[in-house]
Amino acid sequence: MDRIYLDYAATTPAHPEVVKAMLPYFSHSFGNPSSIYGCGQEAKEAIEAARSSVAVLIGARDEEIVFTSGGTEADNTALKGVAYASGGKGDHIITSAIEHHAILETGHFLETQGFRVTFLPVDRYGMVDPDDVRRAITDKTIIVSIMHANNEIGTIQPIAEISRITREADVYLHTDAVQTTGHIPFSVDGLGVDLLSISGHKLHGPKGVGVLYIRKGTKMAPFMHGGEQEFGRRASTHNVPGIVGLGKAAQIALQERDEEAERVTRLRDKLIDSVLANIDHARLNGHRRIRLPNNANLSISYAEGESMCLKLDREGICCSTGSACSSASAEPSHVLLALGLDPLQAHSSLRFSLGKWTTEAEIDHVLEVLPRIVAKLRAMSPLLKSHR
């Protein structure tokens with residue numbers, strides 16, 4: 001069997017139609033879209049078409065779509081842009097303990113600049129309690145940032161409920177929707193958010209391009225200074241091929257999203273149910289039902305996660321122990337610790353994230369290989385022997 005890729009939460013392969021759409025903008029239509037001559041205007045028209053495609057996917061206006069270099073820049077811009085535009089009227093930011101590092105590290109940086117950040121806890125499923133948001137808001141709060149769905153455990157947050165609280169308090173709400181855009185249906189009005197982050201390579205678009213949705217009327221300082229690109233919100237010559245690719249990926253996602261989510265959910269449930277039924281001391285991390293269609297994060301006690309991951313790789317199976325951004329760290333996942341797992345349990349986790357080209361035969365092969373790997377690792381584990 002060929003390599004089995006089950007790390008779609010880390011990155012997705014570009015769709016062939018995305019690559020095809022991008023190619024002319026590397027060569028024939030290579031002009032700078034800020035130029036007034038023909039090939040520059042061709043590039044500009046392609047950017048605006050892509051902007052419309054992304055806007056349709058999330059139910060936004062074209063002028064509310066600002067292209068960035070990816071999800072990390074979008075997250076940074078959301079927090080820093082609102083913070084620096086506050087003009088001293090507020091200095092308080094609220095987020096959660098399980099956010100992506102792009103939010104957590106931005107929050108820590110803003111603390112060094114005199115802002116105060118509250119990191120809300122989550123329950124054992126990784127869910128933020130909206131009442132905790134309500135209690136944390138003060139008259140100095142300027143923005144709340146809660147991710148739409150967690151990249152490690154897949155739990156989907158009650159963003160629409162949180163937005164009713166932030167609107168009552170006249171506080172901006174940002175959500176990192178990198179894992180949900182193109183995979184589950186939503187609209188920015190339905191969520192009630194003022195800012196929303198997207199990353200191209202998480203929905204079969206290219207790397208190096210993303211979006212920050214900025215609701216009309218939101219007061220923000222630009223994160224990058226220079227030219228007047230992107231309505232004066234984000235200076236820099238446009239990444240035309242990347243933007244075109246993201247626009248095409250948005251079109252494809254809108255066409256295929258619902259059917260694909262149903263298919264992948266069935267495979268995900270098969271994977272989860274079989275592991276829990278056939279491997280002792282295994283547990284699912286995250287909410288059982290309110291989770292991403294493609295995410296299965298499992299802790300398998302007495303078997304170290306990195307060792308399982310490497311042995312699976314030798315079998316041609318690609319998965320992860322958590323976020324790709326922190327894969328080089330020896331520290332246990334901050335997300336799993338926030339759920340209440342101890343460090344040993346957190347270190348015994350695997351994240352399988354399924355996608356467009358995942359087949360049932362591949363899942364069956366994983367379910368055949370994984371128990372053997374776990375049994376071998378446990379045979380060498382002093383922890384299991386002491387447990388017995």
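Computed from a prediction, not measured in an experiment: that's the story for all the values here.
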[X], [atom1]: over 12 other non-hydrogen atoms inside 6.0 angstrom:
X	atom1	result
Phe231	CZ	yes
Lys44	NZ	no
Glu259	CD	no

Atom of [X], atom of [Y] and distance for their closest heavy-atom approach:
X	Y	result
Ala14	Val19	CB-CG2, 3.9 Å
Ser187	Gly59	CB-CA, 4.4 Å
Gly126	Ile153	CA-CD1, 3.9 Å

Are any of the side-chain heavy atoms of [X] and [Y] separated by less than 4.5 Å?
X	Y	result
His287	Met127	yes
Ile4	Thr358	no
Arg291	Arg268	yes
Glu262	Thr265	no
Arg288	Ile272	yes
Cys309	Leu350	yes
Ser145	Ile94	no
Pro241	Asn239	yes

When you check the gap from the basic side-chain N to the acidic O, do [X] and [Y] get nearer than 4.0 Å?
X	Y	value
Asp364	Lys270	yes
Arg263	Glu260	yes
Lys219	Asp194	no
Glu152	Arg351	no
Arg134	Glu161	no
Arg51	Asp62	no

(message) Suppose clustering is done on Ile, Leu, Val, Met, Phe, Trp and Tyr with side-chain heavy atoms closer than 4.5 Å. Which residues sit in the same group as Trp357?
(response)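 Taking Ile, Leu, Val, Met, Phe, Trp and Tyr as members, Trp357 shares its hydrophobic cluster with Tyr5, Tyr8.
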(request) Not counting sequence neighbours, list each pair that qualifies as a side chain to side chain donor-acceptor pair (under 3.5 Å) and has a residue in residues 117-129. (result)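 Sorted result for residues 117-129: His92-Thr118.
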(message) For Ser96 and Glu99, which I'm curious about, is there any donor-acceptor pair between the side chains at under 3.5 Å?
(response)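 Result is yes, a qualifying pair exists.
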(request) State whether a side-chain donor-acceptor pair under 3.5 Å links Gln251 with Ser53. (result)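 Yes, Ser53 and Gln251 have a side-chain donor paired with an acceptor closer than 3.5 Å.
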ILVMFWY cluster, [X] and [Y] together (side-chain gap under 4.5 Å):
X	Y	result
Phe119	Leu341	no
Leu267	Leu292	no
Val66	Tyr213	no

(request) For this output row, return yes or no: ring centroids of Tyr302 and His281 closer than 6.0 angstrom. (result)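 Yes; His281 has its ring centre under 6.0 Å from that of Tyr302.
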(message) With side chain to side chain donor-acceptor pair (under 3.5 Å) as the test, pick out the partner of Thr106 among Asp75, Asn76, Thr95.
(response)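 Passing option: Asn76.
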